[in-house]
Amino acid sequence: MVLKATSALMAALAVALVYMGGRLLLAGGSPAYLAIGSVILLTAVLLWLRKRSALTLYALLMWVILAWIIMEVGFDKWQWIPRGDVFALVGFWLAMPWVVRPLMQAHTASDTRRFHPVLGTTVAVMMAMVLALTLYDPYPIAGTLGNPATARSSTAAGSDWAAYGGTNLGQRFSTLDQINTRNVSTLVPAWEYHTGDLRDPNTDAREYTFEATPLKVNNRVYLCTAHNEVHALVPETGTLAWKYVPEKNRSYLQQHQTCRGVSYYAVAPETAGTPPAACAKRILMATADARLLALDADTGKLCEGFGDKGVVDLSANMGTLRPHALMQTSAPLVAGGLVVLGSSVMDNGYKDGNPSGVIRAYSAVTGQLVWNFDPANPTATQPIAAGQTYPQDTPVAWATLSADVKNGLVYVPFGNASPDELGARRNPANNTEIFRDTLVALDLNTGAFKWKFQTSNNDLWDRDNPSQPSLLDIGEDGSKQPALVLPTKVGNLFVLNRLTGEPLVPVNEVKVSTEGGVPGEHFAQTQAVSGINFIPKPLSENAMWGLTPFDQMACRISFHRLRYDANPWTPATEQGSLIFPGNIGVFNWGSVAVDPDRQLLIATPVRLAYRYDLIKRDTQHPEKRLFTEEGSPYWNENFQGDYAIKIKQFVSSLGIPCIAPPWGRMAGVDLKTGKTQWLRRTGTTKNLKTAFLADRFPVGFPVGMVAHGGPLATAGGLVFQGATADNFFRAYDIDTGALLWQTELPAGGQATPSTYLGSDGKQYVVISAGGHSGLGTTLGDSVVAFRVN
């Protein structure tokens, strides 16, 4: 009975493999699964006939499969899983006594052996190999960062964390070293605070995120929530000092419902004459509904003398806007007595009603507009007249800006203009095109244009510049150059002279795909590639992944059916294109961390592929909505355009990425040499939301998970990261990348942590833990601070 049942199950497995393997072969893929299925079918027939040769045949098949696996993916244990798990289980079952003994007795009635020498030995050897392989990972690059610091810069963050990136230099680095490599393992929670601001699934946006980096200044910790509440906490206890709660405008149409941080300004006596009794110190926040607020840092009350009773309307001079088309998601830059900010707009939203990407600077004291840099009129920086309107649909800068106050420069990472993935109607002669995906340096005091550096040519993939630039000096003592580092979605780390925009690390223009796409589309001939980059290697069929041979074969078939030109600049098509990396990018708003004295950089590059499908619109009815198969409207509709676009992560039917891990990494880069000294996986599968489990995945396999949020580096030789999609907060050795400490947060930590010194003389590390609904991490409302026990 056992033999008959085993034979029948193996035959069913073989038929499925032959069917899927045949489809894969017809799609232009590997014949391996078709061949494996055929041999398993023969094995099933021999079992049915009670032939001992069935076990010998299957043992030989196992060795052939092993050789094939090694040929395809080497000794990467995670890539062995879909190629070997099912076949290993079958081999293990066939080697059991209840299968072996009936086969032996079928040949010789007196033969009572329960062990088949060929198959049994094969299974034992392979089990030993797999166990040994669990101790080996071929992916990481082991190395050590050098450049010990002889002195510490006074420009880096210290006892306070007074700006989004620590300082306006955007370094995400602190000179504090009380928490260090020797004692970080003793970190314990010092306090946990709950904001009470939670997502309403019936009315709030799908992408609801708690991404705030807390400030510590004025003896308070300040942070904002997704609904633009501002909370002021006592740094040592997390006790609420005050909070500001605006009227909540909940709407599922809000494309990005988040607030990544607030900013701080102390009114100088020489600026304000006699400091006002109220609002001498103020918190400034830009909101998701396009307002700029000034709050008294001591009380949380609106500053009456700022704008209109504490509020500046950022939709002023923007013309007629569609609902939720204009947003603010990043912390405003406060420098030189000014509040400087760009804006975020709806991707692929509309032909008309797209807000301007104007950069505006307001007085931090009065809220009056001081200057504006409009990409459509770059020389007209005088404040726009009350009755005028900025030209719409120009490149936008939604990331936090950086400033070099000493040299009077502000750095603006412009991204794309909507629609992001369609360029047939773009006019190359339009002067706004020169600012698309371009880093621009402006005079801090006047907004006058100084220089620009374009990071992507004719962007058709949503390759915005998403990251705050990081400023430091690079080179040997006596010959250091003022530099900045700009991470990009495609994976470049551009290192530029921040006074001139000239590359300090070579940049090459590489030839890319220029044919195909949709009628009327045109593509740039070349794209820029920096000498320091984490552009992922091109995909091949071998790079497809899964938990079983079947979902991996489905991914292999899709890989061959989608257009993919083996580079990040494959044109989007109506038939479907594979874009790698996709619109989430290799780097996003989390940016990087740099140690300015050691000239080191810590990066957390992502590896995820996406599928882009262009959908022909009904041009006779431009306002007609398009709906997904699930019945919900597309986000990227591009009303009044020729095509809408559907963007989905390239995943299997189980909801798991089709490309093999790692999907998230951390790297240590020596900026003096431009070399990556170490590289490791970050994040585990614990808490992963999957289609095949009712609850989250309970086991933390260290495959390397996507991270959304930035790293924090400190003079204690540490890197802190809480952005991975597994709810963990971790500390690493900055020199080697070794994991030194970790703890599970109450929710996803998709935020950049900060650190500060309390009035009790103790160093704290604090992170927002509220999750990211778009990534599927656990949602919550926690802010957690840690200190050494």
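Looking only at distances, no side-chain donor or acceptor of Q649 sits under 3.5 Å from a matching main-chain atom of L608. Under the 3.5 Å distance criterion, the side-chain polar atoms of N147 are matched with a main-chain donor or acceptor of R598. In terms of modelled atom types and a separation under 3.5 Å, the side chain of S479 and the main chain of G475 share no donor-acceptor contact. Side-chain atoms of N372 never come within 3.5 Å of backbone atoms of D374 as a donor-acceptor pair (strictly under, hydrogens ignored). Counting only distance, with no hydrogens or angles, the side chain of D459 and the backbone of W461 share a donor-acceptor pair below 3.5 Å.
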Output, in order, the C-alpha distance, side-chain angles, deciding distance and verdict of side-chain hydrogen bond (donor to acceptor under 3.5 Å, both in side chains) for Y33 and Q552.
-> CA-CA 11 Å; Y33 284 112; Q552 193 217 27; 2.5 Å; yes
CA sep, side-chain torsions, deciding dist, call: R463, N416, side-chain hydrogen bond (donor to acceptor under 3.5 Å, both in side chains) | CA-CA 7 Å; R463 295 276 164 73; N416 215 332; over 6 Å; no
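Counting heavy atoms from C-beta outward, F580 and P568 have side chains that stay 4.5 Å or more apart. Side-chain atoms of T724 and V706, non-hydrogen and from C-beta on, never get closer than 4.5 Å to each other. At a threshold of 4.5 Å between non-hydrogen side-chain atoms, the residues L484 and L439 count as touching. Looking at Q328 and S344, their side chains never come closer than 4.5 Å, going by heavy atoms from C-beta outward. Inter-residue side-chain proximity for R436 and F414 is flagged as unmet; no heavy-atom pair is nearer than 4.5 Å. Between V495 and P503 the shortest side-chain heavy-atom distance does not fall below 4.5 Å. Within the 4.5 Å cutoff, the side chain of L679 has heavy atoms near those of the R665 side chain.
Exactly one of D464, N492, N465 qualifies for a side-chain hydrogen bond (donor to acceptor under 3.5 Å, both in side chains) with T455. That residue is N465.
Taking the six-membered ring where the residue is Trp, W451 and Y411 present tilted rings, their angle falling between 30° and 60°.
Side-chain contact check for Y139 and R680: no donor-acceptor pair (N or O, by modelled atom type) lies under 3.5 Å.
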